[in-house]
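Reminder, nothing fancy here: chain letters follow the sequence lines and each chain counts from 1.
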Amino acid sequence: MAMLSTQPYKGARDFYPEDLRVQTYLFNTWRTVAERYGYEEYMTPMLEPLDIYAAKSGTELVNDESYLFVDRGNRQVVIRPEMTPSVSRLVAGRRQELAYPARLYSVANFMRYQRPQHGRLREFWQLNVDIFGVPTIDAEVELITMADEIMKAFGATDKMYAIKINSRSLVNFMMAEYLELDVVQSQLMMKLFDRKDKITPAEFRDQAAEIFDQPKVSQGLKKIAALFAAKTMGDLPKQIIDSNAIKQVQTLFTLLREHGVKSVMFDIGLMRGLDYYTDIVFEVFDTNPENSRSLFGGGRYDGLVGLFGVEPIPTVGYAIGDVTFRDFLQTHKLLPRLHTTTEVYVVVLGDSLKGAQKLAQRLRGEGVNVEVDITGRKVDKQIKTAVKKDIPFILFLGKKELDEENYTLKDVAGEKEHHLSFARLVTTIKDYRHAQEDVI
RNA sequence: GCGGAUGUAGCUCAGCUGGUUAGAGCGCUGGAUUGUGGCUCCGGAGGCCGUGGGUUCGAACCCCAUCAUUCGCCCCA
């Protein structure tokens, strides 16, 4: 019989306790900020019928990158590759009963059949935040402000990340009116803009030239150059500055500054791959070039709820991925040292196991997390186990301690031993716990 | 799906132009130490050299295939 592999499935991770501590820290911090803005958590099934993706995200995400299979009832089923269609379905299902604006968030896992590499795996977790029923720019302001606050909640400073903002309707105006491209040409040009930073200027020029109708090539290239030469919105060509789309972008920037969001910048090349975005789009990037993948992204997608045959509901949402976010925290050394939830390891001396278990039970009754060594091993082995498990306190329990009800508590890191009554034992441990919570 | 790199002990890696029984450090484990860890000293376990073929008198080393990991492209969190 061949050896079974201990490796997890390609592109998926096992989370040992020390890994899961990090994950829990991420999720809890995400949840805390989302709830601070009045968002409520929801959940949907991991499997969705293929149809709900067919109409919208379209493109490669579903066709090439999803886990698609036929179930025993001959239904075409997809393991969710993203949350947006699911939450749209959720809202469409109770569109009349929900209180608007509906503020919803979730932390869930997703799978995409893609080649794993730095910052990208096949199974990943996302925080998804969406607001339904607000057609005005105030929805974008709220979400981008929250995104900024999430970064701050992890201790990030403004210089560590950049929030890039663009507008799909502005892009549409640019493509159709300014560059005078038809629908097919616009699609190609948008894809090219998206790749701008990954290819050389010469390649960009050549590929752009191929998209224009022959007579318009030289004029078109000049116009593109004028676009990218603009360092601020004010530098953009007049025809664009006069458009309605850009006025909205300007309003957004003004409001974000009033909310104290400093890391924002306008990026006319920001496209985002998903087809359903209709207006403002944004992404957050690590300013450290080693982690160039976007940390999160989102935007306005007013049409999606309407696909379920109901009145469309204006929506803005974004998602944060756990993989790139962990990379961000690591490269900026923002991950705190996280400890086990176990607070006390009971080292049993001699044959006092029964008495030790009784005392442990009393401690548990007081809300203390206690692990008892039930192996009967020598003391040094028991201590080594406690140290290896990173448990902050060791409680030595032998006949003497149990008889005298005077307990020896060792602070593992500080190497100090205290002789305490039961009541003092409990307060000492709880004081330590509160000190830990303050750090995080 | 396309291109590049890498697979030797649990981990990080040595291993000469192919030449006997395969090496180190860390880790693990037992002891020195019968009620106190981290330091020190002594012992021990653990490898079909990713897998399958091929070349050769002989392969960890050369060739082919395959799988896995990793970097980039595509795409995206």
Side-chain angles (χ1 to χ4, degrees), chain A residues 2-3 5-11 13 16 26 30 57-66 80-84 107-129 147 191-192 194-195 197-199 203 270-275 277 281-286 290-298 317-328 345-352 356 373 376-391 393-402 408-417:
Chain A
M3 267 287 265
S5 171
T6 58
Q7 280 182 341
Y9 173 73
K10 187 182 178 77
R13 292 162 287 172
Y16 288 87
L26 289 191
W30 289 348
S57 18
T59 69
E60 285 105 348
L61 182 54
V62 172
N63 296 332
D64 305 329
E65 297 168 13
S66 67
R80 61 185 170 208
E82 57 159 336
M83 193 49 117
T84 304
V107 178
N109 56 339
F110 303 88
M111 295 196 79
R112 291 184 192 171
Y113 196 85
Q114 287 202 302
R115 199 162 188 133
Q117 52 186 266
H118 185 68
R120 187 185 71 189
L121 298 172
R122 287 185 169 181
E123 186 191 34
F124 56 94
W125 273 256
Q126 281 185 349
L127 166 71
N128 277 265
V129 181
K191 296 252 180 206
L192 182 60
D194 210 15
R195 290 208 312 275
D197 292 336
K198 292 180 179 173
I199 59 181
E203 285 170 328
L270 180 70
M271 290 300 156
R272 295 193 54 69
L274 299 169
D275 288 341
Y277 290 112
V281 290
F282 59 93
E283 285 189 40
V284 179
F285 285 87
D286 189 342
E290 283 174 30
N291 188 27
S292 61
R293 229 169 273 279
S294 79
L295 298 173
F296 53 105
Y318 69 83
I320 311 185
D322 69 312
V323 181
T324 47
F325 205 82
R326 279 174 92 127
D327 287 344
F328 171 79
Y345 193 87
V346 174
V347 168
V348 180
L349 309 171
D351 54 1
S352 303
D373 194 306
R377 291 174 301 173
K378 287 191 212 162
V379 175
D380 60 332
K381 301 297 171 203
Q382 297 190 45
I383 292 172
K384 276 185 180 170
T385 301
V387 171
K388 193 166 180 182
K389 288 185 179 213
D390 194 30
I391 297 171
F393 291 107
I394 295 174
L395 182 61
F396 294 95
L397 288 179
K399 188 166 187 319
K400 186 166 143 253
E401 288 80 1
L402 291 168
T408 306
L409 185 72
K410 182 164 193 163
D411 169 0
V412 175
E415 295 183 63
K416 280 183 214 141
E417 282 190 16

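Taking the six-membered ring where tryptophan is involved, the planes of A/Phe325 and A/Trp30 are perpendicular, since the angle between them exceeds 60° and thus also 30°.
Atom CZ of A/Arg326 is separated from atom P of B/A77 by 20 Å (rounded to the nearest Å). If you take CZ of A/Arg120 and C1' of B/G72, they are 10 Å apart, rounded to a whole angstrom. One atom, OH of A/Tyr113, and another, C1' of B/G1, lie 10 Å apart when rounded to the nearest Å. To the nearest angstrom, C1' of B/G10 lies 11 Å from OH of A/Tyr16. For the pair A/Ile383 CD1 and B/G35 C1', the interatomic distance rounds to 9 Å; values are reported in whole Å. Taking atom CD of residue A/Gln117 and atom P of nucleotide B/U70, one finds them 10 Å apart after rounding to whole Å. What separates CD of A/Gln126 from P of B/C76 is a distance of 13 Å, to the nearest Å. If you measure from atom NE2 of A/His118 to atom C1' of B/A77, you get 13 Å, rounded to the nearest angstrom.
Here the separation of B/C49 from B/G7, taken at their P atoms, is 15 Å to the nearest Å. Spacing between B/G35 and B/C42 at atom C1', rounded to whole Å, works out to 25 Å. Rounded to whole Å, the separation between the P atoms of B/U20 and B/C64 comes to 25 Å. Comparing B/U21 with B/U12, their P atoms are spaced 28 Å from each other, to the whole Å. When the P atom is used for both B/U29 and B/G46, the distance is 16 Å, rounded to whole Å. Going from the P atom of B/G3 to that of B/C76 covers 22 Å, rounded to whole Å. Atom name C1', nucleotides B/G19 and B/G44: the rounded distance is 31 Å, in whole Å. The same atom, C1', is picked in B/G72 and in B/C16; the two are 34 Å apart, to the nearest Å.
Within 4.0 Å (heavy atoms only), A/Leu349 reaches at least one base atom of the nucleic acid. Contact annotation for A/Ile394: no contact, since no heavy-atom pair falls under 4.0 Å across all strands. Contacts of A/Gln382 with the nucleic acid, taken as non-hydrogen atoms under 4.0 Å apart, are absent. If you check every strand for non-hydrogen atoms under 4.0 Å, A/Phe325 touches nothing. Across all strands shown, A/Val412 has heavy atoms under 4.0 Å from base atoms, whether or not it also approaches the sugar-phosphate.
Taking side-chain N and O atoms only, A/Lys381 has no distance below 4.0 Å to OP1 or OP2 of B/U29. A close approach under 4.0 Å does occur between a side-chain nitrogen or oxygen of A/Lys10 and OP1 or OP2 of B/U69. One finds a side-chain N or O of A/Lys378 lying less than 4.0 angstrom from the OP1 or OP2 phosphate oxygen of B/G31.
Across all strands shown, the partner of B/A68 is B/U6, judged by Watson-Crick or G-U wobble contacts whose two distances both fall under 3.5 Å. Figure legend. B/U56 is base-paired to no nucleotide; pairs are counted as Watson-Crick or G-U wobble with both atom distances under 3.5 Å. The pairing partner recorded for B/G18 is none, the criterion being a Watson-Crick or G-U wobble arrangement whose two distances lie under 3.5 angstrom. Pair check for B/G46 finds none; no Watson-Crick or G-U wobble contact set falls under 3.5 Å. In this structure B/C76 sits in no base pair that meets the Watson-Crick or G-U test at under 3.5 Å. As the counterpart of B/C39, no nucleotide is assigned, since no Watson-Crick or G-U wobble pattern has both distances under 3.5 Å. Within the shown strands, nothing qualifies as a pairing partner of B/C61 under the Watson-Crick or G-U definition with both distances less than 3.5 Å. B/G25 is paired with B/C11 under the criterion used here, namely a Watson-Crick or G-U wobble arrangement in which both key atom distances are under 3.5 Å.
One N or O on the side chain of A/Ser352 and one on the backbone of A/Lys399 form a donor-acceptor pair closer than 3.5 Å. Under the 3.5 Å distance criterion, the side-chain polar atoms of A/Arg122 are left unmatched by any main-chain donor or acceptor of A/Pro116.
Closest contact between the side chain of A/Gln114 and the listed nucleotides B/U36, B/A77, B/G3 involves B/A77. Side-chain atoms of A/Val379 lie closest to B/G35 of the nucleotides B/U69, B/G35, B/A77. In the set B/G31, B/C75, B/G37, B/G37 carries the atom at the smallest distance from any side-chain atom of A/Asp380. Relative to the side chain of A/Lys410, the nucleotides B/C73, B/G30, B/U36 differ in distance, and B/U36 lies closest. Listed nucleotides B/U70, B/C76, B/U36 differ in distance to A/Arg115; the shortest reach to its side chain belongs to B/U70. Among the nucleotides B/G37, B/A77, B/U70, the one closest to the side chain of A/Val387 is B/G37.
Using a 4.5 Å heavy-atom cutoff, the side chains of A/Val412 and A/Ile391 are not in contact. Within the 4.5 Å cutoff, side-chain heavy atoms of A/Leu395 are placed close to those of A/Val346. A heavy-atom distance below 4.5 Å is not found between the side chains of A/Lys400 and A/Leu349.
Ranked by how close their nearest RNA chain B nucleotide is to the 5' end, A/Asp411 and A/Asp322 are led by A/Asp411. Across the interface with RNA chain B, nearest-nucleotide mapping of A/Pro116 and A/Glu401 shows A/Glu401 to be the residue nearer the 5′ end.
In terms of heavy-atom proximity, A/Arg80 sits nearest to A/Met83 at NH1-CE, 4.1 Å.
Stacking is found between A/Phe124 and the pyrimidine-like six-membered ring of the B/A77 base under the 5.5 Å centre-distance and 30° plane-angle cut-offs.
Within 6.0 Å of atom OH in A/Tyr113, 12 or fewer heavy atoms from other residues, nucleotides or ligands are found, so the atom counts as exposed in its surroundings.
By the side-chain contact (heavy atoms from CB on, under 4.5 Å) test, A/Gln126 pairs with A/Phe110, A/Arg112, A/Phe124, A/Asn128, A/Ala319, sequence neighbours left out.
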